[in-house]
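Below, chain A is the first sequence line, B the second, and so on; all start at residue 1.
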2 protein chains.
Amino acid sequence: MDVFEAVAEPNRRHLLGLLAERDRTAGELVDSLPTLTQPAVSRHLRVLREVGLVEVRPDGQRRIYALKPDGLQRIDDWITPYRRYWRNHLDALEQHLENR
Amino acid sequence: MDVFEAVAEPNRRHLLGLLAERDRTAGELVDSLPTLTQPAVSRHLRVLREVGLVEVRPDGQRRIYALKPDGLQRIDDWITPYRRYWRNHLDALEQHLENR
DNA sequence: ATAATAAATACGCTTGTGCTTATATACGCA
DNA sequence: TGCGTATATAAGCACAAGCGTATTTATTAT
């Protein structure tokens, strides 16, 4: 599984969002996704770990998860050349609106 | 299927890359992915069409595909808040390297 | 009209993903 | 020591994704 696939899953994006606010224990993350069971969340966290988007540190019997968003750079790098396309498109639209 | 899933597939990213260079007919795109059959490419193009990343216009019996990258903005918007995280992380790394 | 070409769809198959229930592992505490 | 809590893994299932072969639809050319 690569970063693109990891991030394609909505629950995993949600988890990343929560970790962007602050570090959280696995249990807190489980509570934050009430539609999923504990093992389901655990496996999503495993995926995020394996692609390097989060890291874990033990705290007694808890596991504290933290964001490690460097891996998103790969997506950002990929998207960069396209950015100018939709900017141009936007410009064209703006021009069209201005010129009428 | 949403934009994130559409873009998670490597062959589809490849197709977008080709269309970023210039518009192409379906046949040209098929030839550009020699590991896939014509129907396979056709289905990838359908997915890209359905999420709005490409558009088609007929030219006789050919179909000319063109990039319509606006939909990538959704990914870009999502990734934006994370960008500052890895920039901070980079800063921290640079500092660490400078300070030794 | 018929044949050839371009592209899309139908169908069936295999594999992978995400889920739940059940179980294992590890730690903390009485 | 033994029990509760926190998290991870195992096993099994349903469903969707991606693929190839075969077929259909549409257009062009003879």
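- Side chains of B:L53 and B:L67 form no contact here, defined as non-hydrogen atoms less than 4.5 Å apart.
- In this structure, A:R62 atom CZ and D:dG4 atom P are separated by 17 Å, rounded to whole Å.
- A heavy-atom distance below 4.5 Å is found between the side chains of B:R83 and B:T80.
- Linking Ile, Leu, Val, Met, Phe, Trp and Tyr residues whenever their side-chain heavy atoms come within less than 4.5 Å places B:V47 and A:V7 in a single cluster.
- Under the 4.5 Å side-chain heavy-atom criterion for grouping Ile, Leu, Val, Met, Phe, Trp and Tyr, B:V41 is not connected to B:I64 through any hydrophobic cluster.
- In this structure, the separation between CG on B:D59 and OG1 on B:T25 is 9.0 Å, given to the nearest 0.5 Å.
- In this structure, A:I64 atom CD1 and D:dA6 atom C1' are separated by 12 Å, rounded to whole Å.
- Under 4.0 Å is where a charged nitrogen must lie from a carboxylate oxygen, and between A:D70 and B:R87 no such pair does.
- Partners of A:D23 by salt bridge (Lys or Arg N to Asp or Glu O under 4.0 Å), not counting sequence neighbours, listed by chain and number: A:R57.
- Screening residues 40-49 of chain A for side chain to side chain donor-acceptor pair (under 3.5 Å) gives A:R12-A:H44, A:R46-A:E50, A:R49-A:Y65 as the qualifying pairs, with residues at least two apart or on separate chains.
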Distances under 3.5 Å only, N/O to N/O: pair up the protein atoms with those of nucleotides 12-18 of chain C.
| from | atom 1 | to | atom 2 | distance (Å) |
| --- | --- | --- | --- | --- |
| C:dG18 | OP1 | A:R12 | NH2 | 3.2 |
| C:dG18 | OP2 | A:R12 | NH1 | 3.1 |

- Message: One character per nucleotide, please: for nucleotides 21-30 of chain C, 5' to 3', B when the base has a protein heavy atom closer than 4.0 Å, S when only the sugar-phosphate does, - otherwise.
- Response: BB----BS--
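- Taking atom CZ on A:R49 and atom P on D:dT9, their separation rounds to 6 Å, with Å as the unit.
- Contacts with DNA chain D (heavy atom under 4.0 Å) in residues 20-30 of chain B: none are found.
- A 4.5 Å side-chain heavy-atom check between B:W78 and B:F4 finds at least one atom pair inside the cut-off.
- Rounding to whole angstrom units, CG of residue A:L33 and P of C:dC19 are separated by 9 Å.
- Contacts of A:R24 classified as salt bridge (Lys or Arg N to Asp or Glu O under 4.0 Å), with partners at least two apart in sequence or in another chain: A:E21.
- Nucleotides of DNA chain C nearest to B:R46 and A:V41 differ in position, and the one nearer the 5' end is that of B:R46.
- Between A:Y65 and D:dA8 there is a side-chain polar atom (N or O) within less than 4.0 angstrom of OP1 or OP2.
- With a 4.5 Å cut-off on side-chain heavy atoms, B:V3 and B:I75 count as touching.
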